[in-house]
K.L.:
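My questions will all concern the structure given below.
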Amino acid sequence: MHGNLYGTRARVLEDALASGRDVLLDIDTQGAAQLRARYPDAVLVFHPGAVDQRSSRRGSASGAPTRSRRSSGAWPGRARRSALWRRYDYLIVNRDVKEALDQLESIIHAERCRVVRLGLTLPDLEVQS
């Protein structure tokens, strides 16, 4: 983006997933949309504060990269970025760091228990439909 390379190599991600590991990515809303398109079963967690923290980290002393993103239209305003949370599966508002981490841990545990992720075959268990 704007002359900078950000991202996670697909091979690294796919190797981790194939080995059964959970993968957490710190990505922007554009990256989340790309991830969802490529991996429809991905679980997206929106953290509004992370959007602004990420933009601050990527800026330089001169502010040129941030200005470039904003002027190109690829950098939506804060209100629009915050409205994008509706495209995610979960929302964590970080009012308290411990609470936010507890919520993230709960999401991970819940997703690990989803029937579609378990891949169980229980031939001796009768399931009523």
Side-chain angles (χ1 to χ4, degrees):
M1 176 179 274
H2 308 283
N4 297 300
L5 298 176
Y6 302 112
T8 302
R9 294 182 185 270
R11 177 66 183 209
V12 172
L13 178 59
E14 289 170 3
D15 287 348
L17 293 172
S19 70
R21 287 183 280 163
D22 296 321
V23 178
L24 296 175
L25 301 173
D26 180 16
I27 55 179
D28 61 16
T29 55
Q30 190 175 22
Q34 292 171 358
L35 187 71
R36 174 73 84 196
R38 186 164 181 171
Y39 303 96
D41 292 337
V43 177
L44 302 180
V45 179
F46 188 80
H47 180 294
V51 174
D52 294 324
Q53 290 169 1
R54 188 178 300 104
S55 66
S56 296
R57 284 196 314 260
R58 286 196 179 159
S60 66
S62 67
T66 301
R67 280 196 304 274
S68 172
R69 285 184 193 90
R70 287 183 179 147
S71 65
S72 72
W75 190 257
R78 182 177 184 166
R80 183 169 177 276
R81 289 193 315 268
S82 293
L84 294 173
W85 67 269
R86 295 178 192 280
R87 297 182 185 173
Y88 288 68
D89 301 302
Y90 297 92
L91 171 68
I92 295 177
V93 178
N94 186 3
R95 293 188 181 97
D96 175 75
V97 173
K98 183 180 179 336
E99 180 182 344
L101 289 173
D102 288 345
Q103 289 174 353
L104 180 59
E105 185 177 11
S106 294
I107 291 167
I108 292 168
H109 287 296
E111 289 296 324
R112 285 178 184 167
C113 294
R114 288 181 61 114
V115 172
V116 297
R117 296 189 194 288
L118 294 176
L120 296 177
T121 56
L122 303 170
D124 60 330
L125 181 64
E126 185 177 335
V127 179
Q128 300 292 323
S129 54

K.L.:
Can you name the nearest heavy-atom pair linking Val23 to Ala16, along with the distance?
P.N.:
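It is CG2-CB, 3.7 Å.
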
K.L.:
With rounding to the nearest 0.5 angstrom, report the CG to CG distance, Leu104 to Asp102.
P.N.:
9.5 Å

K.L.:
Could you list the residues that satisfy side chain to side chain contact (heavy atoms under 4.5 Å, CB included) with Arg11, not counting sequence neighbours?
P.N.:
Asp15

K.L.:
Which pair of non-hydrogen atoms, one from Arg36 and one from Ala42, has the smallest distance, and what is that distance?
P.N.:
NH1-O, 2.7 Å

K.L.:
What is the minimum heavy-atom distance between Arg21 and Ser19, and which atoms define it?
P.N.:
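Where Arg21 meets Ser19 most closely, the heavy atoms are NE-OG, 2.9 Å.
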
K.L.:
Hey, quick one: are Leu25 and Leu101 part of the same hydrophobic cluster, counting side-chain heavy atoms closer than 4.5 Å, chains of contacts allowed?
P.N.:
no

K.L.:
Partners of Asp22 by salt bridge (charged side-chain N to carboxylate O under 4.0 Å, His left out), sequence neighbours excluded?
P.N.:
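Residues passing salt bridge (charged side-chain N to carboxylate O under 4.0 Å, His left out) with Asp22: Arg112.
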
K.L.:
Would Ile92 end up clustered with Ile108 when hydrophobic side chains under 4.5 Å apart are linked, directly or stepwise?
P.N.:
yes

K.L.:
First locate atom CG of Leu17, then atom OH of Tyr39, and finally report the distance between them rounded to the nearest 0.5 Å.
P.N.:
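Result: 7.0 Å between the selected atoms.
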
K.L.:
I'd like to know if Val93 and Trp85 are part of one continuous hydrophobic network [Ile/Leu/Val/Met/Phe/Trp/Tyr, side-chain heavy atoms within less than 4.5 Å].
P.N.:
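Same cluster: Trp85 reaches Val93 through Ile, Leu, Val, Met, Phe, Trp or Tyr contacts under 4.5 Å.
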
K.L.:
Consider only side-chain heavy atoms of I, L, V, M, F, W and Y, link residues closer than 4.5 Å, and tell whether Tyr90 and Leu24 are in one cluster.
P.N.:
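Looking at the clustering, Leu24 is in the same group as Tyr90.
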
K.L.:
Looking at every non-hydrogen atom in both residues, tell me the closest pair between Leu44 and Tyr88 and how far apart they are.
P.N.:
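Shortest heavy-atom contact: CB-CD2, 3.4 Å.
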
K.L.:
Working to the nearest 0.5 Å, report the span between CZ of Phe46 and CZ of Arg86.
P.N.:
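Between atom CZ of Phe46 and atom CZ of Arg86 there are 11.0 Å.
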
K.L.:
Could you state the interatomic distance from NE2 (His47) to CD (Gln103), rounded to the nearest 0.5 Å?
P.N.:
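The distance works out to 9.5 Å.
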
K.L.:
Closest approach of Val43 and Asp89, non-hydrogen atoms and distance?
P.N.:
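The pair with the smallest heavy-atom distance is CA-OD2, 3.3 Å.
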
